[in-house]
Amino acid sequence: MSNKKCYNWKSDILLPLSLSLSLSLSLSLSPSLSLSLSLFLSVCVTGTRFRPLSFEVPKPLFPVAGVPMLQHHIEACAKVPNMKEILLIGFYQPNEELNRFLSSAQQEFKIPVRYLQEYAALGTGGGVYHFRDQILSGSPQHFFLLNADVCSEFPLEDMLRFQKEHGDAQSFILLATTANRKQSLNYGCIVENEQTNEVLHYVEKPSTFVSDIINCGIYLFTPEIFQHIGAVFQKNQQDLMLDEQSNGWQRAEVIRLEQDIFTALAAQKKLYVYKTNRFWSQIKSAGSAIYASRLYLNQYHKTHTERLATNKEGGPKVIGNVYIHPTANIDPSAVLGPNVSIGTGVTIGAGVRVRESIILHGATLQDHSCVLNSIIGWDSTIGKWARVEGTPSDPNPNDPYAKIDSETLFRDGKLTPSITILGTSLSVYLSVYLSIYLSIYLSVYLSVCLSVVLCDVMSCIFICSFV
Ligand SMILES: Nc1nc2c(ncn2[C@@H]2O[C@H](COP(=O)(O)OP(=O)(O)O[C@H]3O[C@H](CO)[C@@H](O)[C@H](O)[C@@H]3O)[C@@H](O)[C@H]2O)c(=O)[nH]1
């Protein structure tokens, strides 16, 4: 067995720990229309559960079904008639990758797409409030706010229609879906008036069961929302002035939309819930990116058939939904799918098998290698006859309301089986069987621990830990 690892975990992992990104997106309809609409996307990328992949790109730009996660949001927004502007709000220091993404999105969708950087993490409400003048500059009558770390069919036009049908033009709409009782505790929970769909009670991540209707993190607001956020801001300021214990670190501007605003607005005939049974999932961990890819690839049958690979003379065998970037070089004897995304410049040799996996740009899968339930990092190499295999972390297929678990590395003291992730520029050589359980930080020192279990064909096993 040979095994060469070309990475420096100490510097690659520890240095970027302070990196975080959060974005929001706002869109406005043409002022010439009677309805003016703004769409606002809230994206936060601390990406800690996305490591090591978020070291290379901010989490919202990680490719899901072949395109950056955020592009799915932007495409959905761009379909809403007369969408005028998209704002991404976050506290991430913009870099070349983000700038490239913004300019290509602008060109493709012919809509201004701008990034507004918060001076600190201001929370889901504080960020939008801080940039309220920018959001309101086109005098929108409505705007959408979308969390970036969700994947969805984004039924934005349905939400607009629903709002019109629900009388008060000033009401705010939350998109919701149904979860099972246990998993509902991980989300914002909504109790509604079943006749009117008014939100009667809102509890963010309750400790005991409240409702199986959960907040999807996709909202339709009117500018009036800023009065409610503003009232919380002023109260925070007063409280801070009166608080002699205040150490000067707390900020009045940090406002949580869910706990500080929604809970207070419930039962005031302001907040309504629009329930969807179309696909929706959080994308918190790298494992959930494979699940989200499957959902979006499936949606491509309706929205982007051109992104789905087909079986062609001289091409690889394609099973189910597969995305292949046109620059990828794939041997015709390779078999790909279902649920496979192949990135830019990937090379795939003869007899390779890939299933339920994302292969990131520049990676090479040498002849007869096999990749299952895995993410292969940028510029990594999988050697001939090597096998990289993870454990799928899909929602329970027998429960229609099951959501993907945001896996923690350990549960009940045991390592949680999950997908395998190879970071950037790793090489797994000839005849290695690799199953990696990845992650993470131990304690306040933010130490990083990677456990790698390698067994070769001779059944020898060793474990490497980097702390
Ligand atoms: N701009 C900005 N965005 C932020 C900040 N903090 C978080 N966000 C963004 O706000 C969204 C919500 O993130 P979290 O605060 O981590 O909440 P959550 O655990 O994902 O729960 C939220 O989403 C669930 C649905 O996925 C909801 O069920 C839940 O009620 C809540 O809204 C994410 O897109 C995140 O990137 C911030 O300081 N600034």
Side-chain angles (χ1 to χ4, degrees), residues 16 19-28 38-47 50-80 83-118 127 131 134-135 144-152 154 156 217-218 283 286 289 292-293 296-297 299-300 303-304 306-307 323 325-328 341-346 358-363 375 377-379 424:
L19 181 91
S20 59
L21 166 64
S22 165
L23 305 169
S24 294
L25 177 136
S26 157
L27 164 153
S28 301
S38 239
L39 182 114
F40 179 87
L41 169 68
S42 169
V43 184
C44 175
V45 183
T46 46
F50 229 74
R51 289 173 185 161
L53 302 167
S54 54
F55 296 149
E56 297 303 317
V57 292
K59 178 175 141 185
L61 299 187
F62 184 81
V64 174
V67 301
M69 206 186 281
L70 270 188
Q71 186 160 329
H72 297 286
H73 296 67
I74 295 179
E75 283 176 1
C77 298
K79 280 191 194 139
V80 179
M83 193 61 91
K84 202 172 134 202
E85 185 176 34
I86 294 171
L87 298 177
L88 311 173
I89 297 181
F91 49 93
Y92 174 75
Q93 182 68 32
N95 61 8
E96 209 185 305
E97 176 115 26
L98 180 60
N99 292 336
R100 236 182 297 124
F101 172 73
L102 294 177
S103 70
S104 81
Q106 294 212 108
Q107 276 175 8
E108 185 171 349
F109 300 106
K110 312 275 182 283
I111 293 176
V113 184
R114 286 189 294 139
Y115 174 60
L116 305 175
Q117 188 185 357
E118 285 161 52
F131 290 110
Q134 304 258 8
I135 295 164
F144 284 105
L145 173 63
L146 314 179
N147 287 356
D149 59 355
V150 295
C151 87
S152 168
F154 298 111
L156 304 180
I218 297 172
I283 314 181
S293 259
Y296 278 134
L297 285 173
Q299 192 197 23
Y300 285 168
T303 57
H304 286 286
E306 78 286 358
R307 287 187 189 158
Y323 168 86
H325 192 274
T327 57
S341 303
I342 307 286
T344 324
V346 166
I358 297 176
I359 315 297
L360 296 166
H361 77 70
I375 297 180
W378 300 271
D379 301 317
T424 308

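A 4.5 Å side-chain heavy-atom check between Phe109 and Ile86 finds every atom pair outside the cut-off. Taking 4.5 Å as the limit, some side-chain heavy atom of Leu146 sits within range of a side-chain heavy atom of Cys77. The shortest distance between side-chain heavy atoms of Val67 and Arg307 falls below 4.5 Å.
Between atom CG of residue Asn95 and atom CZ of residue Arg100 there is a gap of 8.5 Å, rounded to the nearest 0.5 Å. How far OG1 of Thr344 is from CD1 of Ile359: 13.0 Å, rounded to the nearest 0.5 Å. The line from OG of Ser103 to CG of Leu98 is 10.0 Å long, rounded to the nearest 0.5 Å.
Closest approach of Ile283 to Cys151, counting heavy atoms only: CD1-CB, 3.7 Å. Shortest non-hydrogen contact noted between Tyr296 and Phe154 is OH-CE1, 3.5 Å. For the pair Gln117 and Phe131, the tightest heavy-atom approach, listed with the atom from each and the gap, is O-CZ, 3.3 Å. Shortest non-hydrogen contact noted between Lys59 and Met69 is O-CE, 3.2 Å. Residue Ala289 comes nearest to Ile358 through the heavy atom pair O-CD1, 4.0 Å, listed as atom of the first residue, atom of the second, then distance. Ala148 and Leu70 get closest at one heavy-atom pair: CB-CD2, 3.9 Å.
For the pair Tyr300 (side chain) and Tyr323 (backbone), a donor-acceptor distance under 3.5 Å is absent.
Remark: Phe101 engages no residue in a ring-ring contact (aromatic ring centres under 6.0 Å, His included) (not counting sequence neighbours). Applying the side-chain hydrogen bond (donor to acceptor under 3.5 Å, both in side chains) criterion to Gln299, with sequence neighbours excluded, gives no partner residue. Considering only residues two or more places apart in sequence or on other chains, His325 meets the side-chain hydrogen bond (donor to acceptor under 3.5 Å, both in side chains) condition with Thr327.
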TODO: List the steps, then state whether side chain to side chain contact (heavy atoms under 4.5 Å, CB included) holds for Val64 with Gln71.
DONE: CA-CA 9 Å; Val64 174; Gln71 186 160 329; over 6 Å; no
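Taking 4.0 Å as the cut-off between side-chain N and carboxylate O, Glu75 and Lys79 do not count as a salt-bridged pair.
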